[in-house]
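Contents: one structure, followed by commentary.
Convention: sequence-line order gives letters A, B, ...; per-chain numbering from 1. Excluded from the calculations below are hydrogen atoms, water molecules and symmetry mates; all remaining heavy atoms, backbone and side chain alike, are included.
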Amino acid sequence: MNGTSEISINAKNRDYFSSVYDVVRLIPPGKVTSYGAIANFLGSAKSSRIVGWAMNASHKFHDVPAHRVVNRNGLLTGKMHFEYPSKMEELLKMEGIDVSENRIVDFENVFWDPSEALQKF
DNA sequence: CCATTGACTTAAG
DNA sequence: CCTTAAGCCAATG
């Protein structure tokens, strides 16, 4: 079989990466969360950078709404990694989230904390 | 195994 | 609000 490389990547990253993707997939439309919140929910609050690492590879997984993950200030720090820089902002506004100057407007009101919304598994 | 990197976060000035 | 610096940890070469 020739498609084993992609599968092996998935298998190798299954532990942490897949857990991150699971959480991101559960973010309700119109809500956002932060890298640190995801890391905290997964039990490793200091691995927020690893969550960003996982998101960098999330392009392979079409079900992951990466635009709903921002940094703890509500800044769209990952926008440069989309197909084009304004894509992230467009996707957010399409869900009713207002964005101004690369920042989520009323960030605390649209913030979705997986630790409160989800049961730990 | 060592050095570098990074879609983070916190603290300090 | 701005920039630096340090801590952090997995991936990458």
Spacing between Arg49(A) atom CZ and dA10(C) atom P, to the nearest angstrom
12 Å
Reckon Ala66(A) touches a base, only the sugar-phosphate, or nothing at all at heavy-atom distances under 4.0 Å?
base
Under-4.0 Å side-chain N/O to phosphate OP1/OP2 contact, Ser44(A) with dC9(C):
no
When rounded to whole Å, the CG to P distance for the pair Asn73(A) and dT3(C) reads 13 Å
Has the side chain of Lys31(A) got a donor or acceptor atom that lies under 3.5 Å from a matching backbone atom of Asn109(A)?
yes
Can any side-chain N or O of Tyr21(A) pair as donor or acceptor with the backbone N or O of Ala54(A) at less than 3.5 Å?
yes
Please report, rounded to the nearest Å, how far the P atom of dA7(B) is from the CG atom of Asn102(A).
15 Å
Counting only side-chain heavy atoms from C-beta out, which of dC9(C), dA10(C), dA7(B) sits nearest to Asn56(A)?
dA7(B)
Indicate whether any N or O donor in one side chain lies under 3.5 Å from an N or O acceptor in the other, for His67(A) and Glu90(A).
no
Please give, in whole Å, the distance from dA7(B) P to Met80(A) CE?
11 Å
If you check the Arg72(A) side chain, which of dA11(C), dT9(B), dC9(C) turns out closest?
dT9(B)
Heavy atoms from C-beta onward define the side chain here; which of dC1(C), dT5(B), dA7(B) lies closest to that of Arg103(A)?
dC1(C)
Just checking His59(A): base, sugar-phosphate only, or nothing, at a heavy-atom cut-off of under 4.0 Å?
base
Which whole-number value in Å describes the distance from Ile50(A) CD1 to dT9(B) C1'?
13 Å
Atom-to-atom span, NZ of Lys46(A) to C1' of dA10(C) - whole angstrom
16 Å
Mind calculating the distance between NE2 (His81(A)) and P (dT5(B)) to the nearest angstrom?
15 Å
Between Ser58(A) (side chain only) and Val64(A) (backbone N and O only), is there a donor and an acceptor less than 3.5 Å apart?
no
Relative to the 5' end of DNA chain C, which residue comes earlier, Ser48(A) or Trp53(A), by the nucleotide with the nearest heavy atom?
Ser48(A)
Starting at atom CG of Asn71(A), determine the distance to atom P of dA7(B), rounded to an integer number of angstrom.
12 Å
Hey, does the side chain of Asn73(A) reach the backbone of Leu75(A) with a donor-acceptor pair shorter than 3.5 angstrom?
no
